[in-house]
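The structure under discussion appears below in the form of structure tokens.
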Amino acid sequence: MKQIKNDAEIVLTFNHTTNYEKALAHYLIGRVHLKLAEIPKLLRMPIGLGWGHIDEAFRHLSTAAALYPDSVGFLTDYGQVLIQRKQFQEAKQILNQAINTKPSDIADLEKIEEAKKLLKSIES
């Protein structure tokens, strides 16, 4: 996880990156923070992963979705972090956007189903 985060941060320092490449770097950093935030900090600290934080996940995933709003994956994971932050109205908007985005590959179909499940979880 540390290496993924470090590599993505290096990409963000490059001058000649596309919006997609920047968005992907932010997405990777955001996903690492999101996954780490699911594990209690006290359990992560002894292995050097105490730095994962939901606010950093939010910052990076929102940037990824803003830079490349045509990515179902970016939008779905941004919706997930919004739910964790209890920002339900914004999450509904983003998840609906993910559901209505044209899939670009087979993995997007799974992310659309995930977005539907997340949306259902906050509507009931």
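When reading the values below, keep in mind they use all heavy atoms of this one structure, side chains included, and skip hydrogens, waters and symmetry mates. Only a predicted model underlies this, so the values are computations on that prediction, with no experimental measurement involved.
A distance-only check finds a donor-acceptor pair linking the side chain of Thr13 to the backbone of Ile10 [under 3.5 Å]. Judged by distance alone, the side chain of Glu21 and the main-chain N or O of Thr18 form a donor-acceptor pair under 3.5 Å. Listed for the Asp105 side chain is a donor-acceptor partner under 3.5 Å among the backbone atoms of Asp108.
Hydrophobic clustering (ILVMFWY, side-chain heavy atoms < 4.5 Å, transitive): Trp51 and Ile29 are in distinct clusters. Linking Ile, Leu, Val, Met, Phe, Trp and Tyr residues whenever their side-chain heavy atoms come within less than 4.5 Å leaves Ile39 and Ile4 in two separate clusters. Both Leu34 and Tyr78 are part of a single hydrophobic cluster, where members link through side-chain heavy atoms under 4.5 Å apart. Linking ILVMFWY residues whenever their side-chain heavy atoms come closer than 4.5 Å, directly or via other members, leaves Val32 and Leu67 in distinct clusters.
Here Thr17 contributes atom OG1 and Leu24 contributes atom CG; the two are 11.0 Å apart, rounded to the nearest 0.5 Å. Atom CG in Leu75 sits 11.5 Å away from atom OG in Ser62 (nearest 0.5 Å). Note that the NE2 atom of His33 and the CZ atom of Arg59 stand 7.5 Å from one another [nearest 0.5 Å]. Atom-to-atom distance recorded for Asp7:CG and Leu12:CG is 11.5 Å, nearest 0.5 angstrom. Once rounded to the nearest 0.5 Å, the distance linking CD1 of Ile99 with CD of Gln97 reads 11.0 Å. Asn96 CG to Leu119 CG: the interatomic distance, rounded to the nearest 0.5 Å, is 5.0 Å.
Heavy-atom neighbours of Leu43 CG from other residues, nucleotides or ligands within 6.0 Å: above the threshold of 12.
Classification of the Tyr20-Tyr68 ring pair by plane angle, with boundaries at 30° and 60°, yields perpendicular.
Of all heavy-atom pairs between Phe88 and Ile83, the closest is CE2-O, 3.8 Å. Across all their heavy atoms, Gly79 and Ala91 have their closest contact at O-CB, 3.8 Å. The shortest non-hydrogen separation linking Thr101 to Pro69 is OG1-O, 4.3 Å. The minimum heavy-atom distance linking Gly30 with Ala57 is given by the pair O-CB, 3.5 Å. Between Val72 and Pro103, the shortest heavy-atom contact is CG2-CA, 4.5 Å.
Looking at Gln80 and Gln84, their side chains come closer than 4.5 Å, going by heavy atoms from C-beta outward. Residues Phe58 and His53 have side chains not in contact (no heavy-atom distance under 4.5 Å, counting atoms from C-beta outward). Side-chain contact between Leu28 and Val11: absent, with no pair of heavy atoms (C-beta onward) separated by less than 4.5 Å. In this structure, Val81 and Gln87 have side chains that are not in contact, with every pair of non-hydrogen atoms separated by 4.5 Å or more. A heavy-atom distance below 4.5 Å is found between the side chains of Lys111 and Asp77.
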Requested in this report: Begin with the C-alpha distance, continue with both residues' side-chain angles, and end with the deciding distance and a verdict on side chain to side chain contact (heavy atoms under 4.5 Å, CB included) for Phe74 and Leu61.
Outcome: CA-CA 7 Å; Phe74 296 175; Leu61 291 171; over 6 Å; no
- Query: Could you walk me through whether Glu38 and Lys35 pass the salt bridge (Lys or Arg N to Asp or Glu O under 4.0 Å) check?
  - Reply: CA-CA 5 Å; Glu38 292 173 358; Lys35 281 300 183 189; 3.6 Å; yes
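Classification of Glu123 and Lys120 as a salt-bridged pair fails, no side-chain N sitting under 4.0 Å from a carboxylate O. Salt-bridge formation is detected for the pair Glu9/Lys5: a Lys NZ or Arg NE/NH1/NH2 atom is positioned less than 4.0 Å from an Asp or Glu carboxylate oxygen. Glu114 and Lys117 are not joined by a salt bridge, as no carboxylate oxygen comes within less than 4.0 angstrom of a charged side-chain nitrogen. A salt bridge between Lys102 and Asp70 is absent, with no side-chain N of the basic residue lying under 4.0 Å from a carboxylate O of the acidic one.
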